[in-house]
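Chain identifiers are assigned alphabetically (A, B, ...) following the order of the sequence lines, protein sequences preceding nucleic acid strands; residue numbering begins at 1 within each chain. Given the structure is predicted, the values throughout are model-derived calculations rather than measurements.
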There are 2 protein chains.
Amino acid sequence: MDQTDYKILSIIHDNARITVSEMSRMIAMSQPAVTERLRKLEEQGIIKGYRAELSLSKLGKHTTAFVMLKSNKCKEFETFAEAAPEIVDFYRTSGEYNFLLKVVTETSETLENFLETCHTFGFSSTLVVLSTRFEDKMLLQDVMG
Amino acid sequence: MDQTDYKILSIIHDNARITVSEMSRMIAMSQPAVTERLRKLEEQGIIKGYRAELSLSKLGKHTTAFVMLKSNKCKEFETFAEAAPEIVDFYRTSGEYNFLLKVVTETSETLENFLETCHTFGFSSTLVVLSTRFEDKMLLQDVMG
DNA sequence: GATGAAACTATTGTACC
DNA sequence: GGTACAATAGTTTCATC
């Protein structure tokens, strides 16, 4: 992992569909060399995958919330969470609550329905997102220039 | 937005670096037709962008936490948050706390330092992530098959 | 108005320096 | 890590349904 690798990660984090040729022009390195570095970053698991970022609102999902849940039915809840289309992110946490979920629904009514279901597993507390200032900021801005 | 568009979104959400030819084979449609649909999905803003998903731990970031903050210094805090490399996601929320941050640091010590800085802006409550079960689940599994 | 076919351009993978 | 070339993918145009 040198400065060139950081540059590659930064570029591809910003635009995962960029071609290797275009990248090689940006960082002044030959195309096969960039391909090889990219392959190694994937192989080492530093790059876990490539994802399209979709617009929630344009897909009819107008409500985002974070749900903290206190439950002792851990196994059952995890099985439920896997299958629940509303839950996009799923974390286990320390503290009063043992689960944190990022939940995306059509409206606040669909969120309400979802929360009712959650209450069969335990107690919850919900933060409704009013606006998203930014998401998925590049991690390496401290390592780079 | 028909079933074909949903298929394209699902495929590209799963692997943003897939080629159009490969996609066209998967959904049994000509390459120019898929290219055109992809262009429209981007133009309409349904696809907001493409990102590489990086391994936090392999980049030396071993601690993830969600920080809820209650602050009346909103403008100052937003300026700070933009520049803070630790804050990867930044939301405004309803309820007792007006900000929710996803924070990624090297260790719990660096998290502690970060929280001290946060306290200059207001009161906070922190959930430390023990493990991530899944993140960025495909949104459209209810719309699709 | 969107799809399919074909020619043309760009990118990628491979072999070698 | 670079260069050259063959194989593959992407783009553009035009005909078609």
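The interatomic distance linking B:K40 (NZ) with C:dT3 (C1') rounds to 11 Å, in whole Å. A:K7 has its NZ atom 13 Å from the P atom of D:dG1, to the nearest Å. The distance between atom CD of B:E42 and atom C1' of D:dG10, rounded to the nearest whole Å, is 14 Å. Across the protein-nucleic acid pair, B:D2 atom CG and C:dG1 atom P stand 17 Å apart, rounded to whole Å. As rounded to whole Å, 10 Å separates atom P of D:dT12 from atom CZ of B:R39. Taking atom CD1 on A:I18 and atom C1' on D:dA9, their separation rounds to 17 Å, with Å as the unit. In this structure, B:L38 places its CG atom 14 Å from P of D:dT12, rounding to the nearest Å. One atom, CE of B:M23, and another, P of D:dG10, lie 8 Å apart when rounded to the nearest Å.
Distance from the side chain of B:M29 is smallest for C:dG4 among the nucleotides C:dT11, D:dG10, C:dG4. Set against C:dA5, D:dG1, D:dA4, the side chain of B:P32 has C:dA5 as its closest nucleotide. Side chain of A:S21, nearest nucleotide from D:dT11, D:dA9, C:dT11: C:dT11.
For the pairing with A:Y50, the side chain to side chain contact (heavy atoms under 4.5 Å, CB included) check across A:H13, A:E42, A:R17 returns one residue only, A:E42.
The closest side-chain donor-acceptor pair between B:T110 and B:T107 falls under 3.5 angstrom. Residues A:S21 and A:Q31 bring no donor and acceptor atom of their side chains to less than 3.5 Å of each other.
Contact annotation for A:R17: no contact, since no heavy-atom pair falls under 4.0 Å across all strands. At the heavy-atom level, A:Q31 lies under 4.0 Å from base atoms of the strands shown. Looking at heavy-atom distances under 4.0 Å, B:R37 makes contact with sugar-phosphate atoms alone, never a base. Contact annotation for A:S30: base contact, defined as any heavy-atom pair under 4.0 Å involving a base atom.
At distances below 3.5 Å, not a single donor-acceptor pair connects side-chain atoms of A:T120 with backbone N or O atoms of A:E116.
Looking at heavy atoms from C-beta onward, A:L54 lies in side-chain contact with B:M138 at the 4.5 angstrom threshold.
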